[in-house]
Amino acid sequence: MSGFLLIARNDIKRQFVQPFAWVVLALTCALLAWQFLVALDAYLRIVPKLANVPNSQGATDLIAIPLLRSLSGLLMLIVPLATMRSLAGERRNHSLPLLLAAGIGNLRIVLGKFLGAYALVALVVVIALAMPLALHFGTDMDLGRLAAAALGLLLYASALTAIGIACSAWTSHPALAAAAALVIGSFLAMLDMGARFQGIDNALINWLSLSTHLEPFLFGLVASVDIVYFLLLTTLALLFAGRRLDGLRAHG
Amino acid sequence: MRCGLALRLHCRNNPDEMNIPAPVLSLSHVSRRLSGNTIVEDLSLDVPRGVVLGLLGVNGAGKSTTLRMMVGMLTPSTGTVFVEGRDLASHPQLARRGIGYLPEEPPLHGELTVEEYLRFCARLHGIGRDKVHQAVEQAIARCELGEMRHRLTSLLSKGFRQRVGLAQAIIHEPSLIVLDEPASGLDPIQALRLRELMRSMAKDCAVVLSTHVLSDVLACCDRVAILHRGRLRKTAPLSEIAALESEFVRIASESPSMESAA
């Protein structure tokens with residue numbers, strides 16, 4: 001098995017023998033399930049009225065997409081918590097030398113750490129998706145749109161996870177890493193919003209914003225520019241983390 | 001070519017030992033500077049197979065920095081580190097496969113049991129899936145960890161933590177084992193056991209042991225290298241240093257002006 005997959009598998013195992021991962025999953029499920037049931041209840045109450053409205057919105061628009069949009073906000077909190085100990089925790093526990101002294105390159109270590117953290121985050125996304133998908137047994141869900149939203153959320157989560165890993169590589173304090181990841185993630189998510197609030201309609205600011213690239217997926221639009229944006233952000237953040245490990249070797 | 005270079009370096013330092021094979025570890029004019037301060041200066045050292053080298057020095061002498069450069073965790077500012085003839089800078093991943101390293105603080109994963117942790121370490125060091133079980137059993141047996149194998153590493157005593165750290169360092173049967181203050185915090189019985197283990201390990205590989213405890217060096221080292229203020233002040237077989245303690249104290253108490261005169 002490749003070194004990074006080994007690190008990833010070990011990190012997944014370490015996460016799930018601790019209560020933290022289970023608590024995150026349980027709280028996220030509880031919160032999303034509550035929102036899902038409230039939306040479902042409201043939808044069932046208005047369904048008879050919607051039947052008479054031409055081109056009315058369905059369960060996908062009224063239940064699934066708002067739920068997944070809420071998940072994107074929740075990920076902003078969950079991801080820093082999932083990534084904060086990836087490298088910062090190793091440094092704090094003095095266990096980073098095990099990885100640095102093994103015959104594994106820095107980028108592979110970072111990739112392993114990324115995949116280990118991403119597994120938990122992706123599991124949250126999958127669980128959230130299972131809720132609206134369960135409705136498919138009783139009604140027609142727009143599966144294409146759900147697939148696009150799932151892809152968008154997974155890409156969005158990968159970018160946030162990579163940012164979290166980069167922050168975790170930068171410090172030996174997990175709490176500081178989590179705070180930095182939260183600040184950077186929030187900044188990127190609200191960059192566009194802030195600019196619009198100030199009356200600035202700048203194409204670059206719009207392009208830099210996370211939400212600009214997530215929203216099309218939620219509307220069922222899969223554009224290569226959005227995919228490239230998330231992949232680019234993920235790659236840059238992971239390279240940054242790799243550089244930090246290079247720096248630790250070079251400067252101690 | 002690299003083997004040849006390592007051999008040459010070894011022979012240069014030991015002209016009377018021409019029949020000894022290439023050293024497992026060879027440091028050639030290694031220096032390390034950090035923020036304008038020289039931590040290690042122009043260090044050249046060879047360690048052949050079957051030798052336990054004691055790296056002796058007071059706190060701040062540059063022992064840990066030297067060890068970190070030996071295992072590739074820290075890049076030397078100048079100079080080259082060869083492990084089994086491979087340049088650690090140009091072949092880092094291949095060279096590191098032949099190194100077992102126990103830092104001052106054992107690098108344990110507290111969430112895993114001893115067995116799970118050692119299984120991970122074995123795979124990390126490149127042992128194939130089919131040989132992991134055997135390697136783990138061997139390491140557990142050598143470090144006498146049988147009773148603790150199912151216990152979480154975070155719940156172990158200092159002595160057992162150190163043994164697990166040692167087990168991870170030897171699990172892949174490296175040709176070079178680097179130990180940073182391995183006996184620190186151990187009780188006398190544990191320290192004795194650790195010394196015996198180090199002696200037995202040295203039969204098949206080279207061992208570098210950093211310490212400031214003279215009794216550790218006297219009990220298990222073949223050669224000693226005394227570091228002071230980042231410079232190698234003396235290196236000789238233990239048998240040639242008649243009064244190691246007085247030699248060490250003399251070097252350790254030298255002032256910078258005396259050093260430059262020397």
Side-chain angles (χ1 to χ4, degrees), chain A residues 1-23 82 85-113 115-117 120 172 174 242-252, chain B residues 32-35 39 64-65 67-77 83 86 88-89 91-113 116-117 119-129 132 152-154 161 165 168-169 172 174 178 180:
Chain A
M1 187 187 285
S2 181
F4 72 88
L5 287 177
L6 194 68
I7 293 171
R9 203 177 72 168
N10 188 55
D11 270 21
I12 293 167
K13 188 176 184 176
R14 287 169 69 194
Q15 276 183 28
F16 282 98
V17 294
Q18 287 183 314
F20 172 76
W22 297 105
V23 169
R85 282 180 300 179
S86 293
L87 285 160
E90 298 275 11
R91 285 174 70 186
R92 199 166 178 78
N93 297 332
H94 308 284
S95 51
L96 193 59
L98 180 69
L99 301 177
L100 291 181
I104 296 174
N106 291 344
L107 270 178
R108 281 170 189 263
I109 294 173
V110 167
L111 196 58
K113 289 285 169 190
L115 290 177
L120 175 65
S172 57
R243 287 285 297 166
R244 177 61 183 150
L245 289 193
D246 290 341
L248 282 178
R249 278 193 209 274
H251 308 296
Chain B
R32 176 69 206 182
R33 279 180 285 278
L34 198 64
S35 311
I39 313 294
S64 292
T65 304
L67 293 196
R68 288 169 71 199
M69 289 192 288
M70 284 178 184
V71 300
M73 272 188 62
L74 199 60
T75 315
S77 304
V83 178
R86 292 189 190 98
L88 200 51
H91 299 96
Q93 292 173 31
L94 206 57
R96 276 188 233 136
R97 287 273 155 117
I99 303 172
Y101 175 49
L102 172 63
E104 199 172 348
E105 189 74 35
L108 307 183
H109 290 163
E111 310 87 352
L112 303 180
T113 64
E116 288 170 337
Y117 171 71
R119 212 177 294 139
F120 168 66
C121 293
R123 298 300 313 277
L124 194 67
H125 288 301
I127 296 176
R129 192 187 289 270
V132 166
L152 288 176
T153 57
S154 56
R161 286 169 63 83
Q168 68 78 24
H172 53 305
V178 178
D180 194 355

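Since we're looking at a predicted model, the values are computed, not measured. Letters A, B, ... mirror the listed sequences (proteins, then strands); counts begin at 1.
A salt bridge does not link A/Arg249 to A/Asp246: none of the charged nitrogens lies less than 4.0 Å from a carboxylate oxygen.
Of the listed residues A/Ile104, A/Leu98, A/Val17, A/Leu99, the one with more heavy-atom pairs under 4.5 angstrom with chain B than any other is A/Leu98. When each of B/Gln93, B/Arg33, B/Arg97 is scored by its heavy-atom pairs under 4.5 Å with chain A, the top score falls to B/Gln93. Contact count against chain A (heavy-atom pairs under 4.5 Å) is highest for B/His109 among B/His172, B/Glu116, B/Gln168, B/His109.
A/Glu90 touches chain B through its side chain: at least one heavy atom from C-beta onward sits under 4.5 Å away, while N, CA, C and O do not. Contact of A/Ile7 with chain B is made through backbone and side chain together, with heavy-atom distances under 4.5 Å. Using a 4.5 Å cut-off between heavy atoms, B/Leu112 touches chain A through its side chain atoms alone. For chain A, the nearby parts of B/Phe120 are the backbone and the side chain; heavy atoms of each come within less than 4.5 Å.
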Between B/Glu111 and B/Leu152, does the side-chain contact (heavy atoms from CB on, under 4.5 Å) criterion hold? Intermediate values first, please. CA-CA 6 Å; B/Glu111 310 87 352; B/Leu152 288 176; 5.7 Å; no

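Residues forming a side-chain contact (heavy atoms from CB on, under 4.5 Å) with B/Arg119 (at least two apart in sequence, or on another chain): B/Glu115, B/Val132, B/Val136. Taking B/Thr75 as the reference, nothing meets the side chain to side chain donor-acceptor pair (under 3.5 Å) condition, with sequence neighbours excluded.
A 4.5 Å side-chain heavy-atom check between A/Phe16 and A/Leu120 finds at least one atom pair inside the cut-off.
No side-chain donor-acceptor contact under 3.5 Å links B/Arg68 to the backbone of B/Gly72.
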